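Only a predicted model underlies this, so the values are computations on that prediction, with no experimental measurement involved. We use all heavy atoms of the structure for the numbers below, so side chains are in, but hydrogens, waters and symmetry mates are not.
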Amino acid sequence: MIMVTGANGQLASLTLRELAGRDVPALGASRTPSAAQRRLDFDEPASLDLTGVSILVLVSAGYAEDDRVIVRHRAVIDAAVRDGVRHVVYTSLTGAGDHLGFALAHRATERMIRASGLGWTILRNGLYAELFGALLTWVPDGLESAFGDGALCAVARADLAAAAAVVASHPTTHAGRIYDLVGTPITAAGIAGRLGVTHRTIGLDEYRAQLLADDTLLPFQPPMLASIATSVRHGFLDNTSPDLGQLLDRPPIAPLAVAASATAATQP
């Protein structure tokens, strides 16, 4: 049986939908499960029941500081070993993302999985086009961001879900593989142009000040978001790879359209 963790999240729910569309039975798991899901709370090791699961799609529980994320993932991997899981498919972070403020927990988890004795496939996901679009800010005369002229090889979340479904459906074919799942380069100016508005670049110091003044953000989020901005701005996330198209056996969804739609959705 295939289990997908974080079933109520956007990536996991899309992955479950992709598997269903392929007539591949799969079970969702969540800390707040529906009637058709299994309860799985990464912060409660006693809840980690993986009996009957042969393939685990481990969607990163990265919404926290590194130490907490790593403890969560260690508990799940230990449960997978204990309960006889054969193969783990982990949604990690693109190889170009080592400069990002949330990369360490992903790399630590990759190490844990590879040392576990389980079969594994690592999906190094690029940053979502939806996220890139949502990080642009509307101002009276158009859009602003701290991304400068930098490009991001963004990827549609739906494509990453489809790739996870492909691998989970045929894990033996993809055993021991690391895939870098990125899209084609897009820029903040390109998004603005698609929406027919102008884009203005702000400095990283101004951007960080805005983040620190935003009381809706958790303490770990301002440095995380600032790391995305500087990595894009200075050309560290514009790498391309054929892996996504090869896994999907089709061209990836155009990330510029996806990002622009996400930006448009935030317009006041």
>> Looking at Asp249, I'd like to know if its CG atom is crowded, meaning that more than 12 non-hydrogen atoms belonging to other residues, nucleotides or ligands lie closer than 6.0 Å.
In response: no
> Considering residues at least two apart in sequence or located in another chain, which fulfil the salt bridge (Lys or Arg N to Asp or Glu O under 4.0 Å) criterion with Arg86?
Replying inline: none
> How would you list, by chain and number, every residue that makes a salt bridge (Lys or Arg N to Asp or Glu O under 4.0 Å) with Glu110, sequence neighbours excluded?
Replying inline: Arg107, Arg124
> So which heavy atom on Pro222 is nearest to which on Leu212, and how close?
Replying inline: CB-CD2, 4.0 Å
>> Please enumerate all residues that pass salt bridge (Lys or Arg N to Asp or Glu O under 4.0 Å) together with Asp49, with sequence neighbours excluded.
In response: Arg38
>> Once side-chain hydrogen bond (donor to acceptor under 3.5 Å, both in side chains) is applied, what residue pairs with a partner in residues 146-158 remain, sequence neighbours excluded?
In response: Gln10-Arg157
> Can you list every side-chain hydrogen bond (donor to acceptor under 3.5 Å, both in side chains) pair that touches residues 185-199, not counting sequence neighbours?
Replying inline: Ser145-His199
> Got a sec, which pairs hit ring-ring contact (aromatic ring centres under 6.0 Å, His included) with one end in residues 113-136, sequence neighbours left out?
Replying inline: Phe132-Phe147
> Mind checking what makes ring pair (Phe, Tyr, Trp, His ring centres under 6.0 Å) contact with His170, not counting sequence neighbours?
Replying inline: none
>> Show every ring-ring contact (aromatic ring centres under 6.0 Å, His included) that has at least one partner inside residues 67-87, sequence neighbours left out.
In response: His73-Tyr90
> Of Val57, Val85, Leu56, which is the lone residue that meets side-chain contact (heavy atoms from CB on, under 4.5 Å) with Met3?
Replying inline: Leu56
> How long is the span from the CZ atom in Arg200 to the CG atom in Asp141, to the nearest 0.5 Å?
Replying inline: 6.0 Å
> Among all residues two or more places apart in sequence or in another chain, which pass the ring pair (Phe, Tyr, Trp, His ring centres under 6.0 Å) test with His174?
Replying inline: Tyr179
>> Taking Val182 as the starting point, is it possible to reach Val166 by hopping between hydrophobic residues whose side chains are less than 4.5 Å apart?
In response: no
>> Once ring-ring contact (aromatic ring centres under 6.0 Å, His included) is applied, what residue pairs with a partner in residues 234-258 remain, sequence neighbours excluded?
In response: His99-Phe236
>> Set out, in order, the CA-CA distance, both residues' side-chain angles and the distance that settles side-chain contact (heavy atoms from CB on, under 4.5 Å) for Met224 and Leu100, then state yes or no.
In response: CA-CA 7 Å; Met224 177 190 76; Leu100 295 172; over 6 Å; no
> Taking only residues two or more places apart in sequence, or in another chain, which ones meet Val81 in a side-chain contact (heavy atoms from CB on, under 4.5 Å)?
Replying inline: Ser116, Leu118
> If you measure only the distance, is there a donor-acceptor pair under 3.5 Å linking the side chains of Thr94 and Asp180?
Replying inline: yes
>> Quick check: closest heavy atoms across Ser169 and Pro171, and the distance to 0.1 Å?
In response: C-CD, 3.5 Å
>> Checking the side chain of Thr266 only, and the main-chain atoms of Thr263 only, is there a donor and an acceptor separated by less than 3.5 Å?
In response: yes
> Counting only heavy atoms not in Arg111, do more than 12 sit closer than 6.0 Å to its CZ atom?
Replying inline: no
> Which value, rounded to the nearest 0.5 Å, describes the distance between Leu256 atom CG and Ile191 atom CD1?
Replying inline: 6.5 Å
> Under the ring pair (Phe, Tyr, Trp, His ring centres under 6.0 Å) test, which residues partner Phe220, sequence neighbours left out?
Replying inline: Tyr63
> Looking at Arg39, Arg72, Arg31, which one forms a salt bridge (charged side-chain N to carboxylate O under 4.0 Å, His left out) with Glu44?
Replying inline: Arg39
